[in-house]
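All chains are named by letter (A, B, ...) in the order of the sequence lines, taking the proteins before the strands, and each is independently numbered beginning at 1.
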Number of protein chains: 2
Amino acid sequence: MKQSDRDRSIRLLWEAPAEPTRGPKAALSQSRVVEAAIRVADAEGVDALTMRRVAETLGNTAMSLYRHVPGKAELLDLMVDAVWGETDPAPAGPWREGLEFFARQMWAMYRAHPWMLQLTTSRRMPGPQAMTRMDAAFAVVSELGLQSEEIVAVVTTVAQFVDGVGRTMADRVQAERESGVSEEDWWSGREALWEHFTPERLPMMTHIWNSGGFESPLDEFEFGLARVLDGLAVFVEAEERPLVRRETCL
Amino acid sequence: MKQSDRDRSIRLLWEAPAEPTRGPKAALSQSRVVEAAIRVADAEGVDALTMRRVAETLGNTAMSLYRHVPGKAELLDLMVDAVWGETDPAPAGPWREGLEFFARQMWAMYRAHPWMLQLTTSRRMPGPQAMTRMDAAFAVVSELGLQSEEIVAVVTTVAQFVDGVGRTMADRVQAERESGVSEEDWWSGREALWEHFTPERLPMMTHIWNSGGFESPLDEFEFGLARVLDGLAVFVEAEERPLVRRETCL
DNA sequence: ACACTCTGTGTACAACGTAAGCAGTTAAGC
DNA sequence: GCTTAACTGCTTACGTTGTACACAGAGTGT
């Protein structure tokens with residue numbers, strides 16, 4: 001039942017839609033709907049991304065979208081892959097520079113479209129744009145002569161790192177838009193909370209607070225990326241690499 | 001308007017509720033509601049976590065919950081902190097062992113309650129249980145004599161890594177429950193997708209596929225944790241540590 | 001007895017995705 | 001040119017969500 005829906009996404013993503021010959025000229029089109037949806041998500045966040053709102057920006061009704069997109073789930077698939085299409089695939093070259101390029105491209109993508117991270121679920125259908133970028137990342141790492149599983153693990157580690165930092169950033173952006181208050185201002189306004197941060201309860205935290213550790217935090221992306229790449233460098237340069245396979249989840 | 005709501009969460013989390021003297025004995029209580037909600041989320045996932053469903057498991061109506069919890073947002077805050085309370089704070093000791101302990105505790109927590117990751121947003125109110133665990137993690141790292149911002153960055157990097165891997169795992173668990181099909185079976189059933197994975201379009205990916213790179217993937221948590229800790233080791237042992245401050249976001 | 005307070009319930013509302021059916025529009029086939 | 005099939009976009013309607021509001025009943029003080 002649901003299965004056919006997802007296979008429909010595959011066709012939408014990977015195959016060019018057949019142009020209809022008869023019937024009235026469509027004012028809308030799949031790409032126009034997808035572009036409008038992306039604009040709505042960019043400007044108003046993922047919560048505002050309703051079929052009614054997207055249709056409204058196009059001057060149509062909600063149900064008109066269903067002539068061009070089977071449903072909201074498929075629309076999200078199309079939006080995600082369209083945004084991946086805005087990035088550059090990593091060029092061939094040394095592995096570290098290539099992975100850093102890959103990470104920075106993802107980061108720029110998430111900065112421009114923070115909502116991407118709020119709808120990345122494990123069974124979101126991968127589209128050709130996203131897969132091309134992944135392929136380039138794999139190619140960059142393949143020069144190291146690692147085993148296949150190791151190549152996958154290395155790229156996954158970087159991608160997952162960017163996802164993690166990006167998600168934090170995306171949450172922050174959304175909260176700031178919805179509340180109209182910057183993250184800093186909002187937290188400093190929570191006096192009722194800070195009252196409970198006493199040295200008895202939280203000794204280290206108050207100590208770090210008092211020495212200014214939270215005032216101008218390090219850039220999480222830059223700091224983390226450097227650490228992850230350093231860690232991967234240790235790995236690829238090691239002579240022995242013990243591998244832990246995944247146990248079947250659940 | 002919304003602000004008062006969040007401050008209400010602070011009181012709920014950090015202050016013991018005042019017992020009422022008059023009126024009928026309450027069959028429900030805040031902790032009973034929170035426990036029931038956690039059980040629902042564990043068993044049926046975050047989508048099933050509706051006020052009606054929680055009340056149903058308690059043999060009451062949806063509105064009865066509102067006598068013990070101001071609203072759903074506050075209930076989520078309470079659930080998250082209650083689950084943090086199930087973990088052990090990192091004991092004092094060498095930084096690497098301590099951080100690994102911290103990471104493994106978080107990982108175990110997320111394995112037991114995957115829904116946690118689907119409701120961690122940037123302004124979720126931190127509760128005493130979570131903050132105690134963070135405090136212990138900070139204490140572990142403080143033995144290194146780093147600057148305050150560096151301590152924060154190191155702990156954040158580890159926490160964010162576990163969040164990232166955990167989110168992927170949580171998505172997978174949820175998808176498996178909802179569909180009743182394991183991740184592996186589901187993807188291998190997407191023949192319409194694999195048809196498009198041709199060597200012309202995705203040369204590296206098909207090559208890795210053919211050499212079995214996707215068949216038994218490495219454990220993402222174990223692999224990533226080792227890399228992150230290695231990377232942090234490079235950092236703390238370095239003589240010079242250039243710091244990149246965060247630019248104001250947005 | 002009375003007043004007060006607290007508990008749980010029933011009803012109601014606005015927003016969501018989208019199923020079903022319909023009126024209007026265009027091009028192909030004769 | 002006419003008919004017909006295909007296609008577009010709209011209207012209406014349904015079930016589900018969180019929760020505001022009013023209310024009946026229960027228990028504790030005075």
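Applying the side-chain contact (heavy atoms from CB on, under 4.5 Å) rule to B/Trp209 yields the partners B/Phe214; only residues at least two apart in sequence or on another chain are considered. Evaluation of the side-chain contact (heavy atoms from CB on, under 4.5 Å) rule for A/Glu220 yields A/Val165, A/Thr168, A/Arg172, B/Thr156, B/Gln160, B/Arg246 as partners, not counting sequence neighbours. Applying the side-chain contact (heavy atoms from CB on, under 4.5 Å) rule to B/Gln174 yields the partners B/Val46, B/Asp47, B/Gln118, B/Glu178; only residues at least two apart in sequence or on another chain are considered. B/Ala36 pairs by the side-chain contact (heavy atoms from CB on, under 4.5 Å) definition with B/Arg39, B/Val54, B/Thr57, B/Leu58, not counting sequence neighbours. A search for side chain to side chain donor-acceptor pair (under 3.5 Å) contacts involving A/Arg67 returns nothing, not counting sequence neighbours. A/Gln105 is linked by a side chain to side chain donor-acceptor pair (under 3.5 Å) to nothing, counting only residues two or more places apart in sequence or in another chain. In this structure, A/Glu195 has no side chain to side chain donor-acceptor pair (under 3.5 Å) partners at least two apart in sequence or on a different chain.
For C/dG8, one of the phosphate oxygens OP1 or OP2 lies less than 4.0 angstrom from a side-chain nitrogen or oxygen of B/His68.
In this entry the distance linking CG of A/Asn60 with P of D/dT11 reads 11 Å, nearest Å. Here the P atom of nucleotide D/dG15 and the CZ atom of B/Arg53 are 20 Å apart, to the nearest Å. To the nearest angstrom, P of C/dA20 lies 12 Å from CZ of A/Arg67.
Within the cation-pi definition used here (under 6.0 Å to the ring centroid, within 45° of the axis), A/Arg190 does not qualify as a partner of A/Trp194.
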Contact pattern, 5' to 3', of nucleotides 10-18 of chain C - B, S or - by protein heavy atom under 4.0 Å: B-B---BBB
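Residues from residues 32-44 of chain A lying near DNA chain C, meaning a heavy-atom separation below 4.0 Å, are absent.
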